[in-house]
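In what follows, a single structure is set out as structure tokens and then discussed.
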Amino acid sequence: MGYCIYVTRSTFPRILYDMLRDAGFRLEVWDNSGRGMWDRAAAPPRDVLRDAASRCDALVVTIGDRVDEYVLSNARVKVIATYSVGYDHIDLEAATKRGIPVGYTPEVLVEAVADFAMGLLIALARRIVEGDRLVRGGEAYRVWGEYLGTEVCGKTLGILGLGNIGVAIARRAKAFNMNIIYWSRTRKPWVEVALGIRYVNLNDLFRQSDYLVVSVALSNETYHMVNEDRLRLMRRGSYLINIARGAVVDINALVKALKEGWIAGAALDVYEEEPLPAAHELVKLGNVILTPHIASATVETRNKMAEVVAQSVINVLLRGGKPIYQANRV
Ligand code: NAP
């Protein structure tokens, strides 16, 4: 009998299923139709995932599928591939000690996510979403005279986490004539030289930024890194943008900061709880832009992510090779 692949969503781009089937694999697909891919309720229950890991040869998962010691306790899978660049939902240690390589999808989504981050930044600065609401509400021209945004040119952009996406955001911000500062776990002198950007310590990043973009991976070290103390360091009139992972930001502290005017506004694509509950405090605030985890959501990027996932499974099962991008060492 051929290899069995357990796929935790039925709504990945079609090419993912086609490539795996064309390779001769038998697919078991969890049906999440009617629910968004990142919706936690779209994921298979943990017992189902654990059972799949004990029967199948590969798991194709994504954000919202917690792959941990419990899920892997009886595992016989030979590879796990996640349709995401973040792998904070996978216990790498649990996979590594069982010799299971974990594939993920960096690089292919970098440009799309960086475009989106700049889109949010400009939308905040120039109040584009508010403007849309005003026109639809028939109020646009009554408020026209007082309807002012703030400049982007000449302002300081702070980047929290200078990984692939952080660098791509810096490249774009250069073209907007912004001053760019960053903090990252590892200092990147070659990027500083190439892009003319400046490394600062973490507190200074919060103090000096007019726009602060969070592009750091979620880990134990970065959980709630944007907390009340650090938000209090930010300039009045500054903006926070989070395109990384919701749990990097302490959302209660952010709500307080927005309500009490420590910062002027925020744009969030990610939330600790996804989807964000409709009754959440944030939804009631006017000075925020909220998007549903769509920073990488372009047709081109999502197809490339699907190809990377499928090819990674094929590489391991049929060619004795490795995932295209591997998050752990086995
Ligand atoms: P990347 O190139 O791997 O960069 C990861 C960044 O996180 C680097 O700045 C790295 O710091 C930092 N980092 C990792 N572990 C850390 C730790 N323990 N403590 C402090 N910093 C740590 O990844 P990327 O492609 O830029 O993506 C960044 C994140 O964006 C992803 O992890 C993902 O969560 C998120 N993302 C969101 C979307 C979306 O749809 N909203 C799409 C794609 C990605 P150093 O490089 O300095 O070591």
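Heavy-atom minimum distance, G86 versus T82: O-CG2, 4.3 Å. Listed here is the closest heavy atom pair of R245 and N242: O-ND2, 3.2 Å. Between D269 and I294 the shortest heavy-atom distance is OD1-N, 2.8 Å. Y239 and G237 make their closest contact through CE1-O, 3.6 Å (heavy atoms, listed as atom of the first residue, atom of the second, distance). The two residues T301 and S296 come nearest to each other via the heavy atoms CG2-O, 3.3 Å. Nearest heavy atom pair, residue A23 against residue L318, reads O-CD1, 3.8 Å.
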Going through the distances and angles, do S209 and R235 end up as a side-chain hydrogen bond (donor to acceptor under 3.5 Å, both in side chains)?
CA-CA 7 Å; S209 299; R235 295 178 170 171; over 6 Å; no
Tell me, with the steps shown, if L59 and T8 meet side chain to side chain contact (heavy atoms under 4.5 Å, CB included).
CA-CA 8 Å; L59 286 183; T8 63; 5.7 Å; no
Stepwise side chain to side chain contact (heavy atoms under 4.5 Å, CB included) check, V288 with L268:
CA-CA 8 Å; V288 288; L268 309 173; 5.6 Å; no
Begin from the C-alpha positions of R66 and V71 and carry the test side chain to side chain contact (heavy atoms under 4.5 Å, CB included) through to its verdict.
CA-CA 8 Å; R66 191 147 55 87; V71 164; over 6 Å; no
With side chain to side chain contact (heavy atoms under 4.5 Å, CB included) as the test, would you mind laying out the steps for V308 and E107 before giving the verdict?
CA-CA 10 Å; V308 168; E107 297 188 11; over 6 Å; no
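Under the 3.5 Å distance criterion, the side-chain polar atoms of D91 are left unmatched by any main-chain donor or acceptor of V67. A donor-acceptor contact shorter than 3.5 Å links the side chain of K174 to the backbone of L195. A donor-acceptor pair under 3.5 Å links the side-chain atoms of N32 to the main chain of S10, judged by distance alone. In this structure, the side chain of W38 engages the main chain of H293 through a donor-acceptor pair within 3.5 Å. A donor-acceptor pair is defined here as one N or O able to donate and one able to accept, closer than 3.5 Å; such a pair exists between the side chain of T222 and the backbone of A217. W30 places no side-chain N or O within donor-acceptor distance of the main-chain N or O of P45, the cut-off being under 3.5 Å. Proximity of a side-chain donor or acceptor of D88 to a complementary backbone N or O of S219 within less than 3.5 Å is not detected.
In summary, the side chains of T150 and Y211 do present a donor paired with an acceptor at a separation below 3.5 Å, with no hydrogens or angles considered.
Both W190 and L162 are part of a single hydrophobic cluster, where members link through side-chain heavy atoms under 4.5 Å apart. I100 and V330 fall into different hydrophobic clusters, where Ile, Leu, Val, Met, Phe, Trp and Tyr side chains are chained together by heavy-atom contacts under 4.5 Å. No single ILVMFWY cluster, assembled from side-chain heavy atoms under 4.5 Å apart, contains both Y147 and V135. Residues V270 and V61 are members of separate hydrophobic clusters, defined by side-chain heavy-atom contacts under 4.5 angstrom among Ile, Leu, Val, Met, Phe, Trp and Tyr.
With values rounded to the nearest 0.5 angstrom, E151 atom CD is found 11.0 Å from M178 atom CE. Annotation: the span from S184 atom OG to L205 atom CG amounts to 10.0 Å, rounded to 0.5 Å. Atom-to-atom distance recorded for F206:CZ and N201:CG is 11.0 Å, nearest 0.5 angstrom. Atom CH2 of W183 and atom CG of L212 lie 12.0 Å apart (nearest 0.5 Å). A distance of 7.5 Å separates NE2 in H224 from CG in N252, rounded to the nearest 0.5 Å. Taken from CG in L282 to OH in Y271, the straight-line distance is 7.5 Å, to the nearest 0.5 Å.
For E93, the CD atom sits in a loose shell: 12 or fewer heavy atoms of surrounding residues, nucleotides or ligands are nearer than 6.0 Å. With a 6.0 Å radius and a threshold of 12 heavy atoms from other residues, nucleotides or ligands, F176 has its CZ atom at or below the threshold.
Two residues are said to be in side-chain contact when any heavy atoms from C-beta on lie closer than 4.5 Å; V77 and Y6 fail this criterion. Considering only heavy atoms from C-beta on, V79 stays 4.5 Å or farther from S312 through its side chain. No side-chain heavy atom of R185 sits under 4.5 Å from any side-chain heavy atom of E221. Contact annotation: the side chain of E111 never approaches that of E300 to less than 4.5 Å [non-hydrogen atoms, C-beta and beyond]. For the pair V102 and P323, the minimum side-chain heavy-atom distance is 4.5 Å or more. With contacts defined as side-chain heavy-atom distances shorter than 4.5 Å, the pair N328/Y87 does not qualify. H280 places a side-chain heavy atom less than 4.5 Å from the side chain of I251. By the 4.5 Å heavy-atom criterion applied to side chains, L49 and D65 are counted as neighbours.
Ion pairing between a basic and an acidic side chain is recognised when a charged N comes within 4.0 Å of a carboxylate O; R187 and E192 show such pairing. With respect to E69 and R98, a salt bridge is recorded, a charged nitrogen being found less than 4.0 Å from a carboxylate O. With respect to D204 and R207, a salt bridge is recorded, a charged nitrogen being found less than 4.0 Å from a carboxylate O. Note on D31 versus R9: no salt bridge recorded, every NZ/NE/NH1/NH2 to OD/OE distance being 4.0 Å or above.
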Donor-acceptor contacts under 3.5 Å from residues 120-131 side chains, at least two apart:
| unit_1 | atom_1 | unit_2 | atom_2 | d |
| --- | --- | --- | --- | --- |
| R127 | NE | E130 | OE1 | 3.4 |
| R127 | NE | E130 | OE2 | 3.2 |
| R127 | NH1 | L148 | O | 2.7 |
| R127 | NH2 | E130 | OE1 | 3.0 |

Side-chain donor-acceptor pairs under 3.5 Å in residues 253-265, sequence neighbours left out?
| unit_1 | atom_1 | unit_2 | atom_2 | d |
| --- | --- | --- | --- | --- |
| K256 | NZ | E228 | OE1 | 3.4 |
| K256 | NZ | E228 | OE2 | 3.1 |
| K259 | NZ | E281 | OE1 | 2.3 |
| E260 | OE1 | W262 | NE1 | 3.2 |

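Between M225 and the options D250, L202, L218, V214, a side-chain contact (heavy atoms from CB on, under 4.5 Å) holds for only L202.
A tilted orientation is assigned to the rings of Y83 and F12, their planes being inclined by 30° to 60°. Relative orientation of the Y182 and Y199 rings is perpendicular, given thresholds of 30° and 60° on the angle between their planes.
Under the side-chain contact (heavy atoms from CB on, under 4.5 Å) criterion, E307 pairs with I15, M19, sequence neighbours left out.
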